[in-house]
2 protein chains.
Amino acid sequence: MSLRPTLDFLLYDWLGAERLNQRERFADHNRETFDAVLDTCERIAREKFAPFNRLVDTQEPQFDGEKVILPQATHDARLAYAESGMLSAAQDDDIGGMQLPFLVESAANTFFAKASISIGSNLLTTGNANLLMAHGTELQKQVFALNEFNGRFTGTMCLSEPQAGSSLSDVVTRAVPDGDGHETDPLGPRYRLTGNKMWISSGDHELAENIVHLVLAKIPGADGKPVPGVKGISLFIVPKHLVDTDGRLTGERNDVALAGLNHKLGWRGTTNTLLNFGEGKYPVRGGAGAIGYLVGKPGEGLRCMFHMMNEARIAIGMAATMLGYAGYEASLDYAKNRPQGRPMGAAGKDPAQPQVRIIEHADVKRMLLAQKSYSEGALALALYGARLIDEQHTGTPEAADEARLLLEVLTPIIKSWPSEFCLEANSLAIQIHGGYGYTRDFAVEQYWRDNRLNMIHEGTHGIQAMDLLGRKVLMENGRGLQLLAARINATIERAIQVPDLAAHANALGQALQAVGAATKAAWATANPTEALANAVPYMQAFGHTVLAWVWLDVALVAHAAAASPARQGRLAAARYFFHYELPRIGAWLQVVRERDLTCAELPDDAF
Amino acid sequence: MSLRPTLDFLLYDWLGAERLNQRERFADHNRETFDAVLDTCERIAREKFAPFNRLVDTQEPQFDGEKVILPQATHDARLAYAESGMLSAAQDDDIGGMQLPFLVESAANTFFAKASISIGSNLLTTGNANLLMAHGTELQKQVFALNEFNGRFTGTMCLSEPQAGSSLSDVVTRAVPDGDGHETDPLGPRYRLTGNKMWISSGDHELAENIVHLVLAKIPGADGKPVPGVKGISLFIVPKHLVDTDGRLTGERNDVALAGLNHKLGWRGTTNTLLNFGEGKYPVRGGAGAIGYLVGKPGEGLRCMFHMMNEARIAIGMAATMLGYAGYEASLDYAKNRPQGRPMGAAGKDPAQPQVRIIEHADVKRMLLAQKSYSEGALALALYGARLIDEQHTGTPEAADEARLLLEVLTPIIKSWPSEFCLEANSLAIQIHGGYGYTRDFAVEQYWRDNRLNMIHEGTHGIQAMDLLGRKVLMENGRGLQLLAARINATIERAIQVPDLAAHANALGQALQAVGAATKAAWATANPTEALANAVPYMQAFGHTVLAWVWLDVALVAHAAAASPARQGRLAAARYFFHYELPRIGAWLQVVRERDLTCAELPDDAF
């Protein structure tokens with residue numbers, strides 16, 4: 001089925017989005033206002049994004065030495081998005097926002113992600129501005145964040161450097177005080193930055209008046225040397241064009257130069273850049289270095305940046321999910337229309353009979369149901385995560401704290417699980433298309449290429465796994481894991497009462513126990529080298545268990561509904577997940593439990 | 001380690017290739033002659049193939065309306081291959097061949113597949129000629145096959161049509177007798193063909209003097225209608241340019257017209273075409289239709305074609321394997337040179353210490369060892385298959401028959417397993433490269449794109465799985481499966497004596513029992529709809545069991561060798577396979593055993 005009924009079911013029937021208007025912040029909203037946002041986004045995505053998804057793949061960003069050239073469609077899509085108000089959907093009314101629940105904002109953004117993941121990089125702009133709202137000064141909010149929300153400026157996050165990708169403690173971009181009075185600049189303590197930043201998405205373009213770079217850099221200590229490790233990292237606003245305290249461009253180009261565009265496997269609608277800060281290409285105000293304004297306190301850069309990074313990780317999970325969903329829709333459509341072959345058994349023996357549509361073949365159904373269970377399951381999880389953010393912002397202190405901690409534990413799963421399994425879904429979408437799927441005449445090969453990025457950016461799979469097993473399940477004495485287990489057990493207790501779901505409930509109970517036991521066994525020797533040697537298989541098993549829980553919880557609501565094809569589909573997708581997917585955790589957990597060091601101990605020269 | 005020592009180990013230490021010269025057919029060969037072939041191919045691949053692999057990806061085949069334009073490098077690579085004599089490596093001395101064992105020919109061809117899978121389509125030419133050697137008349141061999149072996153002509157296989165891909169019984173290309181005396185044409189009964197053929201690799205180009213198309217078409221019955229089903233299919237030689245009985249071009253262009261080039265996700269060095277036969281673009285000898293010469297008897301076309309198709313399936317497995325291997329080599333090299341991050345534990349806490357190379361991280365080692373176990377395991381299996389072909393051709397009647405039957409059972413695995421798991425290996429190679437792996441500046445993204453084809457062409461994954469569970473494990477009363485089980489048990493019996501390998505042997509014994517039980521359970525109701533509903537999971541489990549056997553057998557030989565890094569690596573790859581991979585079969589077999597119809601029974605409208 002198409003996306004909208006699935007969203008409606010998850011939002012309203014499963015997550016009770018309507019009830020959010022009982023919260024003071026959302027009191028002006030109701031299902032009608034939510035639906036109006038969804039309608040608008042669905043329409044803009046259909047008109048301004050989807051028709052140009054292939055175009056932005058074939059017309060990659062070009063750099064003429066001075067400016068980045070993007071297709072007109074990219075400009076139009078960004079403008080339509082900005083004009084919809086979605087950039088500030090979650091912001092307060094009084095700064096022009098809609099005060100929309102993050103849950104509904106997330107749901108509305110799925111349409112764009114499905115239509116063309118790479119045309120927009122609006123989520124970066126929103127995330128950048130949200131960081132400033134949390135950590136910036138009043139004037140920084142006014143000048144930078146608000147102009148991102150209203151669409152005048154766009155935003156980036158500049159963390160990686162060519163020699164420091166996953167290892168942020170090794171960034172060498174330097175920030176030195178910009179002369180006398182630097183501390184009293186109204187826009188924030190003023191520094192001069194020098195260094196190179198790699199993998200910067202939307203790092204240069206002409207889509208908006210200005211680009212607000214949020215840059216990690218090190219302020220040299222008293223000895224003139226950068227402080228080693230992450231403690232030395234500070235955060236700076238480095239605008240492409242300098243602005244005054246009213247947010248007006250002063251006409252001075254800051255010394256941020258595009259050193260090169262990365263030529264990627266996919267996701268080509270978005271520029272991805274190497275940026276040189278302060279190399280002297282655009283000397284500014286007679287000094288050396290790009291001008292930047294400190295955000296927060298020196299040395300707290302990474303902590304501030306995590307505000308944006310966590311948001312980006314959830315957004316990446318949603319991106320991967322919607323690419324998976326797009327492939328599911330495309331291959332479902334193909335399977336319903338492509339005649340090929342005949343049914344098995346006697347009925348299929350007569351070659352004089354016409355061919356059947358491929359959706360009538362069991363293996364095609366298997367590939368479709370796998371995609372449905374991956375992408376709809378991931379979508380449910382991502383929306384659940386979004387609902388936790390609303391709880392964090394508007395719940396009772398206790399509920400908010402629980403939501404925060406649950407989200408800490410779930411974030412690596414929300415990011416990594418769709419990156420891996422919705423990529424697999426895209427591969428199945430190609431497979432259903434047969435040879436046609438391998439051609440560029442069909443959309444599915446692009447979804448697969450686009451989706452391959454998601455296991456890499458915003459923290460690789462390996463980094464997410466270390467975060468999960470090395471930090472998240474341990475933090476606050478394991479309270480996050482306990483909270484999650486309690487929610488899973490609550491679902492199990494309800495499902496066990498429903499005869500159709502009792503077997504699933506039992507299976508989930510066993511899976512949860514197995515994950516818990518593996519967590520303990522991994523850390524039994526309290527040796528991180530042993531515990532984390534199989535962090536990725538652990539994360540895969542943890543993720544599958546979380547998804548099984550989500551499916552069981554969704555199935556409870558579906559089961560209670562009146563008979564319909566949609567109900568039947570949801571229950572079948574849940575059953576698929578329990579029969580075909582959840583049993584996979586056995587193999588993953590075995591190596592975790594045994595602290596298997598087959599890989600970790602192998603010396604270089606034996607490969 | 002690089003490919004050559006691995007090949008040497010598998011060929012000589014594991015498969016005893018040297019002993020093949022005890023067979024009369026190979027009596028003139030010895031390790032020196034084998035090594036000379038390997039040396040030559042390694043050099044040609046290094047000089048003429050590898051440097052141009054990216055070039056053929058970016059400079060796709062172009063059609064100017066009359067001719068297909070390919071990069072000069074493609075011409076040079078083909079010429080070098082033809083001049084090496086590899087096209088006729090396995091043929092008799094007296095027709096200019098080398099009388100080389102297929103095992104050694106396969107090993108030598110790995111260098112080309114690894115260097116650039118898509119520059120050459122030499123395997124199609126060899127396969128085409130081999131089919132004619134088996135089913136053609138003396139003159140057909142002389143005129144067509146021999147000129148393929150000597151490099152003058154190239155070959156294709158024309159099976160699919162736009163409306164008939166996997167379903168060959170639905171081909172509608174027609175072949176009608178070409179007037180009086182058509183039966184007595186010295187080149188074979190002469191027909192006129194009309195129809196469209198889709199997905200024809202190397203279907204048009206200027207790489208050679210002529211192209212020999214082998215075309216499936218239907219001869220109308222007495223009622224003027226084509227015979228329905230596969231029984232009506234016959235096989236024809238349709239040369240692009242007509243030839244005389246001496247193989248000289250007569251100057252007449254046959255009516256085979258390029259209707260379009262397919263624009264693919266990868267594998268772009270090879271043209272892939274839609275061909276129109278007999279549409280009238282090149283009217284020939286005053287009649288309508290393309291001129292074709294019958295091969296074998298009418299109605300036996302598919303049986304003849306399977307000679308080529310089985311060979312192509314093994315070649316595709318090897319292609320997938322070598323793409324996996326290429327990614328493994330590239331990512332191993334990257335991991336040994338890229339500094340990033342610090343070790344876990346106390347030693348890694350000091351940010352003032354230099355970063356370590358990423359091969360020192362456990363998860364990178366895991367991704368490398370997975371690739372090694374996939375690609376070297378698949379290589380071992382493919383070479384084992386090649387050795388079976390030699391046995392079939394030169395063994396005692398009993399051994400030859402066993403080899404034939406074993407190969408029947410193993411062919412779907414040799415084709416499908418590397419297609420799936422060496423593609424996964426390529427994804428891991430990208431992952432090890434991080435962001436760089438997602439750019440086109442590194443080779444690994446191309447390997448991944450190229451490899452995605454292999455689950456589709458020459459029979460999709462689903463088709464292979466139906467062939468395995470629906471036909472191969474049942475044929476001759478299950479004798480093929482019994483033969484395979486006997487060989488696996490023989491390996492188990494030897495390994496159980498070796499304390500280091502006994503646990504693997506036990507695990508393999510259990511896996512074999514589980515596969516046997518699932519095979520029986522699948523067919524317990526004798527209902528193909530139920531038995532085959534989970535044919536793909538069955539094939540995955542079957543394949544993993546076969547690979548575990550191959551690794552255990554390889555490990556036996558490695559274990560007996562003197563200590564060396566290579567020995568350590570092989571034993572670790574085997575251990576990896578037993579600890580991380582073999583346990584996966586549990587989830588796959590469960591749905592087979594239970595004849596799970598969750599997918600098969602879901603109606604269209606519930607998706």
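Chain letters run A, B, ... following the sequence lines, proteins first, then strands; residues in each count from 1. Below, each value reflects all heavy atoms present in this structure, side chains not excepted, and no hydrogens, waters or symmetry copies.
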Just verifying a value: how many Å separate [X] [atom1] and [Y] [atom2], rounded to the nearest 0.5 Å?
| X | Y | atom1 | atom2 | result |
| --- | --- | --- | --- | --- |
| A:Ile456 | B:Tyr436 | CD1 | OH | 12.5 Å |
| A:Gln590 | B:Leu582 | CD | CG | 9.5 Å |
| A:Asp441 | B:Asn262 | CG | CG | 7.0 Å |
| B:Phe607 | A:Leu368 | CZ | CG | 5.0 Å |
| B:Ile358 | A:Ser166 | CD1 | OG | 9.0 Å |
| B:Asp363 | A:Met466 | CG | CE | 8.5 Å |

Please give me the minimum heavy-atom distance between [X] and [Y], naming the atom from each residue.
| X | Y | result |
| --- | --- | --- |
| A:His579 | B:Val591 | O-CG1, 3.6 Å |
| B:Ala352 | A:Pro228 | N-CB, 4.2 Å |
| B:Ala600 | A:Ala362 | CB-CB, 3.9 Å |
| B:Gly435 | A:Trp199 | C-CH2, 3.2 Å |
| B:Ser169 | A:Arg342 | OG-NH1, 3.5 Å |
| B:Ser167 | A:Gln340 | N-OE1, 3.1 Å |

Donor-acceptor contact present, side-chain [X] to main-chain [Y], <3.5 Å:
| X | Y | result |
| --- | --- | --- |
| B:Tyr438 | A:Gly266 | yes |
| A:Lys365 | B:Glu601 | no |
| A:Gln355 | B:Gln163 | yes |
| B:Lys264 | A:Arg440 | no |

Checking heavy atoms, do the side chain of [X], its backbone, both or neither come under 4.5 Å from chain B?
| X | answer |
| --- | --- |
| A:His457 | neither |
| A:His461 | both |
| A:Thr460 | both |
| A:Ser564 | neither |
| A:Pro343 | neither |
| A:Asn527 | neither |
| A:Ala572 | both |
| A:Ile430 | both |
| A:Gln568 | both |
| A:Met367 | neither |
| A:Pro226 | neither |
| A:Gln431 | both |

Would A:Asp596 and B:Arg575 pass as an ion pair if we require N to O under 4.0 Å? no

So, using ring pair (Phe, Tyr, Trp, His ring centres under 6.0 Å) as the criterion, who are the partners of B:His544 when residues are at least two apart? B:Trp417, B:Phe421, B:Phe577, B:Trp588

Within residues 444-453 of chain A, which positions have a heavy-atom distance to chain B below 4.5 Å? A:Glu445, A:Trp448, A:Arg449, A:Asp450, A:Arg452, A:Leu453

Would B:Tyr580 and A:Asn534 count as having a side-chain donor-acceptor pair, cut-off 3.5 Å? yes

Could you go through B:Thr439 and A:Asn272, starting from their C-alpha distance and side-chain angles, then the distance that decides it, and tell me whether this counts as side-chain contact (heavy atoms from CB on, under 4.5 Å)? CA-CA 10 Å; B:Thr439 69; A:Asn272 186 272; over 6 Å; no

Where does B:Pro354 contact chain A at under 4.5 Å (heavy atoms): side chain, backbone, both or neither? neither

I would like to know whether B:Arg366 and A:Thr598 meet side-chain contact (heavy atoms from CB on, under 4.5 Å); could you show each step before the answer? CA-CA 8 Å; B:Arg366 183 188 62 83; A:Thr598 301; over 6 Å; no

